[in-house]
Amino acid sequence: MSYARNLIGGSWEEPGPAVIETVDPATGEKLGKAPKSTAADMARAVAAAKDALPSWSSRPAPRRAETILRLAQLLEQRKETIARIVTREMGKVREEALGDVQEAIDMAYLMAGEGRRLYGVTTPSELPNKLCMTLREPVGVCGLVTPWNFPVAIPSWKSLPALVAGNTVVLKPSEETPGCATAFVEALVEAGIPPGVVNLVHGTGEEAGAALVAHPDVAAVSFTGSGETGRRIQAIAAPMLKRTHLELGGKNGVVVLDDADLDFAVRAILWSAYGTSGQRCTAASRVIAQAGIHDKLVERLAEGAKRLRIGNGWTPGVQVGPLVRPWAVEKVEKYVKIGLDEGAKLVAGGRRPSDPSLKGGFFYEPTVFAGAAPTMRIAQEEIFGPVTAVIRVRDLDEAIRVHNGTPFGLSGAIITRDLASAMKAARAFQTGIVYVHNGTIGAEVHLPFGGIKGTGNGHREAGVTGIDFFTEVKTVYIDYSGALQRAQIDR
Ligand code: UN1
């Protein structure tokens with residue numbers, strides 16, 4: 001039996017002749033095969049999801065939520081096993097792989113509870129003997145296209161709110177992490193999700209993903225990934241007036257003011273720049289340091305980055321795992337060269353590690369650039385690797401201007417002891433998420449996640465707000481006066 005299979009209409013399907021092969025990024029060794037599905041496979045999955053819609057959506061939400069509660073319990077039991085697959089497929093270190101599964105468990109508990117809420121509003125009418133309220137209806141078949149960097153958490157962020165709200169789904173996970181998605185969907189099946197309600201179709205974005213987005217029976221598409229793909233999805237969906245949720249990365253900055261606790265700032269930045277080897281939409285790829293603390297901070301960051309232990313993510317004590325694939329390392333190398341050509345100063349990293357025991361893996365040293373100008377490409381473009389660029393600023397106002405001066409707007413952070421400066425930044429940052437006295441990562445599932453500007457198209461996922469994307473709001477007026485009451489006229 002293959003470790004990655006499609007699930008269509010309740011049946012597991014082994015890969016056919018066309019497959020995608022996965023590799024362990026820590027060693028470069030082959031892991032296994034996943035189906036390289038076609039548009040026809042996708043059409044079968046969408047048809048199954050469409051067939052399953054009437055009975056799933058008419059099941060009361062508290063009953064739908066019972067399945068999600070069982071999923072939470074199963075994921076808890078399997079946390080370590082699934083985390084092992086996460087590290088194998090995409091390289092993140094053990095602690096973070098466990099965190100990835102924990103994020104799905106958290107989301108499952110949150111959505112299990114949401115089954116008994118799914119609140120609308122009730123509000124007075126302008127007329128007597130009349131009641132006004134809103135109800136939530138499912139949108140229909142939802143297409144979910146998910147990335148490899150949170151290969152269990154993000155499928156849960158998208159599928160569980162969709163399911164509790166009564167939708168059926170087709171999940172097209174990243175081709176780098178098909179085993180993680182399979183393990184997640186296996187748990188959903190064992191939790192009792194009925195056939196066709198959740199379908200899993202592996203494959204490439206160009207073939208399987210594009211077929212899902214373009215399918216006329218798919219009412220909504222939720223996507224996390226690159227800006228380029230997000231824009232293509234939006235363009236395909238627009239003429240069909242299809243609802244899209246896009247989560248497209250960031251260029252997140254940590255502002256460090258002169259009065260900050262230096263030791264703390266260094267720890268927070270190292271964690272948010274090099275956690276997951278910088279492969280998070282929320283990674284701190286810019287440090288915006290006030291002049292008085294700047295030199296000490298650069299020195300300490302460079303020291304700290306050099307001390308981080310690189311290696312196989314499952315080895316105890318390793319802090320920085322490999323990048324996902326050779327193309328990811330090449331992209332980082334390209335940006336390091338761009339940074340040097342632009343005149344930034346490399347103070348740590350900037351190369352693949354020389355340690356022979358890491359040969360074969362897709363490793364890159366944690367890298368710090370100093371002397372970056374806000375307009376440099378390394379300070380503007382998403383690198384999605386272990387690279388951060390330090391920019392010197394005079395004061396808080398300049399820090400805020402620099403912070404906001406990129407095309408993205410996902411996460412921003414400020415480290416200071418001064419409450420007024422922190423509050424000013426929290427209000428002024430053009431981001432969907434702000435951290436005070438922390439780095440740029442660490443979102444919790446019960447709060448909205450998402451960004452503004454080039455990061456997305458205005459929706460939020462996770463939290464109770466995440467339900468909004470997956471529901472149509474229906475306004476219901478109940479007039480029990482027995483008379484014809486005309487709004488705006490009969491006053
Ligand atoms: C992402 O990088 O796409 O806040 C998600 C965080 C994680 C989620 C990141 N909880 O960094």
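Side chains are part of it too, since the values below use all heavy atoms of this structure and drop only hydrogens, waters and symmetry mates. Whatever order the structure lists ligands and atoms in, that order sets their numbers, starting from 1.
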Margin query: Can a donor-acceptor pair be found, under 3.5 Å and without considering hydrogens, that links the side chain of K453 to the backbone of N404?
Written below: yes
Notebook entry, point to check: Numbering the atoms of ligand 1 from 1, which are under 4.0 Å from a heavy atom of G442?
Noted result: 4 (O), 6 (C), 11 (O)
Notebook entry, point to check: Which residue, F362, Y364, W327, forms the side chain to side chain contact (heavy atoms under 4.5 Å, CB included) with V332?
Noted result: Y364
Check: Under 4.0 Å from any heavy atom of R280, which atoms of ligand 1 are there?
Finding: 2 (O), 6 (C), 7 (C), 11 (O)
Next item on the list: Select one of side chain, backbone, both or neither to describe which atoms of E103 lie under 4.0 Å from any atom of ligand 1, heavy atoms only.
Entry: side chain
Item checked: Centroid-centroid under 6.0 Å between W157 and F470 rings -> no
Margin query: Contact between ligand 1 and I154 is defined here as a heavy atom of the residue under 4.0 Å from a ligand atom; is it met?
Written below: yes
Checklist line | Minimum-distance protein heavy atom relative to atom 9 (C) of ligand 1 | finding: F150 CE1, 3.5 Å
Next item on the list: Take E472 and R243, measure what salt bridge (Lys or Arg N to Asp or Glu O under 4.0 Å) needs, and give me the verdict at the end.
Entry: CA-CA 11 Å; E472 292 284 3; R243 191 182 283 221; 3.0 Å; yes
Note to self: Quick test: of every protein heavy atom, which one is nearest to atom 1 (C) of ligand 1, and how far off is it to 0.1 Å?
What the structure shows: C281 SG, 3.5 Å
Note to self: Is there a polar contact, in the sense of an N or O pair closer than 3.5 Å, between F449 and ligand 1?
What the structure shows: no
Checklist line | Heavy-atom gap F384 to ligand 1 smaller than 4.0 Å | finding: no
Note to self: With heavy-atom distances below 4.5 Å as the criterion, would you say the side chains of F429 and V255 are in contact?
What the structure shows: yes
Note to self: Would A443 count as a polar contact of ligand 1, with the cut-off being nitrogen or oxygen pairs under 3.5 Å?
What the structure shows: yes
Notebook entry, point to check: Relative to the heavy atoms of N149, which atoms of ligand 1 are at a distance of less than 4.0 Å?
Noted result: 1 (C), 2 (O), 3 (O)
Next item on the list: Begin with the C-alpha distance, continue with both residues' side-chain angles, and end with the deciding distance and a verdict on side-chain contact (heavy atoms from CB on, under 4.5 Å) for D24 and T87.
Entry: CA-CA 8 Å; D24 180 341; T87 299; over 6 Å; no
Margin query: Less than 4.0 angstrom from a charged side-chain N to a carboxylate O is my criterion; do E176 and R325 meet it?
Written below: yes
Notebook entry, point to check: Does any N or O atom in T224 lie less than 3.5 angstrom from one in ligand 1, N or O only?
Noted result: no
Margin query: With a 3.5 Å distance limit and no angle check, can you tell me whether T229 reaches the backbone of S226 through a side-chain donor-acceptor pair?
Written below: no
